[in-house]
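Here is the structure we will look at, set down as structure tokens.
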Protein chains: 2
Amino acid sequence: MITSTGNQQVKNLVQLKKKAKVRKEQNVFLAEGLKMFQEAPEDRIRQVYVSESFEREHGEALLNHRYEVLADFVFSYVSDTKTPQGVLCLVEQASWELKDLVEQPDPCLLVLENIQDPGNLGTMFRSAEGAGFSGVIMDGSTADIYNPKTIRSTMGSIYRVPFVTAKDLPAAVLELKELGVRVYAAHLKGTCCYDEPDYKKASAFLIGNEGNGLTDQLAELADEYVKIPMEGRLESLNAAVAASLFMYETNRQRRK
Amino acid sequence: MITSTGNQQVKNLVQLKKKAKVRKEQNVFLAEGLKMFQEAPEDRIRQVYVSESFEREHGEALLNHRYEVLADFVFSYVSDTKTPQGVLCLVEQASWELKDLVEQPDPCLLVLENIQDPGNLGTMFRSAEGAGFSGVIMDGSTADIYNPKTIRSTMGSIYRVPFVTAKDLPAAVLELKELGVRVYAAHLKGTCCYDEPDYKKASAFLIGNEGNGLTDQLAELADEYVKIPMEGRLESLNAAVAASLFMYETNRQRRK
């Protein structure tokens, strides 16, 4: 059992929790909590850590995994939550290419530009899985998908929704267009209501930064500007809510 | 200019930031940031505080308000954000009764049970304004609506969406039913898809706790259980996303 916060593995876990760069170098991320551990793809789990209490009370959940035990206070020290469940694992990062996301017929995609809130980002992945989306494309300035708060907000969707971080997002959008994907921008300038276009064919939705929306450079690539009607004095909805409304409108049309 | 964090007003601001009880006793809440200040109803603003820099750079935004100036470091000390905009105001709490929320013909209402995340709660208010909802009813175990993070997430909707904190939520729901409001529960047991019922008549939507959903006691009062279809392995959507899907489906039906 590891009983010191000075332990090398413990120090490394803290670095992995805090720094995107370290996660990238080691090609892993931290998935904390029982649900995130149980849903992790077996072949991508590199290491499992449990607290002393967790091993005593829920040891059976660990099945035939090899694991390291941390003293409870050490586990709390590495945990990203206030009330840790007592299990976390190191999971290998996965990677997809743009072509993987458009493999199925009539793909539907979410394209994110400069989304800053880790919770919003994770919530969008969660809705993307629920709505049956083919994948998510993000730019480099969007929050790190492997941030512990993002991972938690995905509720496991991180394991199941394919995604690409595009070095050049406008180029990726142009590539989608060449592949026959129709591109919609969620935009205040939209004249068309979000539930009017036909999303049954290949579709992609551009969602911009929480405060500033899409850059002109990206918005100009869209085939159509669409907007969500708003009453009252509101200028916009929460970005994850807006993205979810587009995704579930797509889902609604494809169900009927 | 106030230059000490030991100042009585400063101490009071910190208490108001941290404690729901203190906010309740003084019948006010903190609204921080330029937008929240500009949208606050004039007659409910009790006091305005600005940072020294804000007064210098944006003094004109203060119009004819009386205000107190805080040294920049003092403002940062009382602020709830990492990069304060430099203006905050004390706004009087408002109160409504259930009957105020059902005054208009065919009201549509959001009913919240034990929502824990302040950001989720604020986001629901924001969507409620956008979708043109008549009001929000919450129970006492839902996060405090006057929590600074909730206030921020409402993006000003807190000033415009009427709400009630019900001491006895089941009793409030029964009262709605007696008034002819049809009550829908967002529930895993739902057999009916959320876009099937007709929400054009008076409707209320019960949304439960993020982890556990609705209590049986409350769910049993519903006229109908409805669910949002989910693909993949997901068990639920984010609570604010789910609530927003119900509210915008109502909005969609009433627009057509």
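Sequence lines set the chain letters: A, B, ... in the order given, protein chains first and strands last, and positions in each chain run from 1.
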Scored by heavy-atom pairs under 4.5 Å with chain B, the best of A/A243, A/G122, A/G232, A/G130 is A/G130
Is it true that a side-chain atom of B/R126 and a backbone atom of A/S236 form a donor plus acceptor pair closer than 3.5 Å? yes
To the nearest 0.5 Å, atom CE of A/M247 lies from atom CG of B/L245 at 9.5 Å
d(B/L237 CG, A/S157 OG) to nearest 0.5 Å is 9.0 Å
CG (A/L234) and CD (B/E39) are apart, to the nearest 0.5 Å, by 8.5 Å
Pair B/M124-A/V241, side chain to side chain contact (heavy atoms under 4.5 Å, CB included): steps then yes or no: CA-CA 9 Å; B/M124 290 188 212; A/V241 166; over 6 Å; no
Would you mind reporting whether A/N238 and B/S127 have side-chain heavy atoms less than 4.5 Å apart? no
Side-chain (A/Y248) to main-chain (B/P229) donor-acceptor, under 3.5 angstrom: yes
Does atom NZ of B/K227 have more than 12 heavy-atom neighbours from other groups under 6.0 Å away? no
Tell me, side chain or backbone of A/Y159 under 4.5 Å from chain B's heavy atoms, or both, or neither? neither
Contacting region of B/Y194 [heavy-atom separation from chain A under 4.5 Å]: side chain
Is chain B contacted by the side chain of A/T123, its backbone, both, or neither, given a heavy-atom distance below 4.5 Å? side chain
Among the listed options A/E249, A/E231, A/E235, the residue most often paired with chain B at heavy-atom distances under 4.5 Å: A/E231
Is the count of non-hydrogen atoms from other residues, nucleotides or ligands lying under 6.0 Å from B/L34 atom CG greater than 12? yes
Ranking A/R233, A/M155, A/M230 by heavy-atom pairs under 4.5 Å to chain B gives rank one to A/R233
Does atom NZ of B/K21 have more than 12 heavy-atom neighbours, drawn from other residues, nucleotides or ligands, at distances under 6.0 Å? no
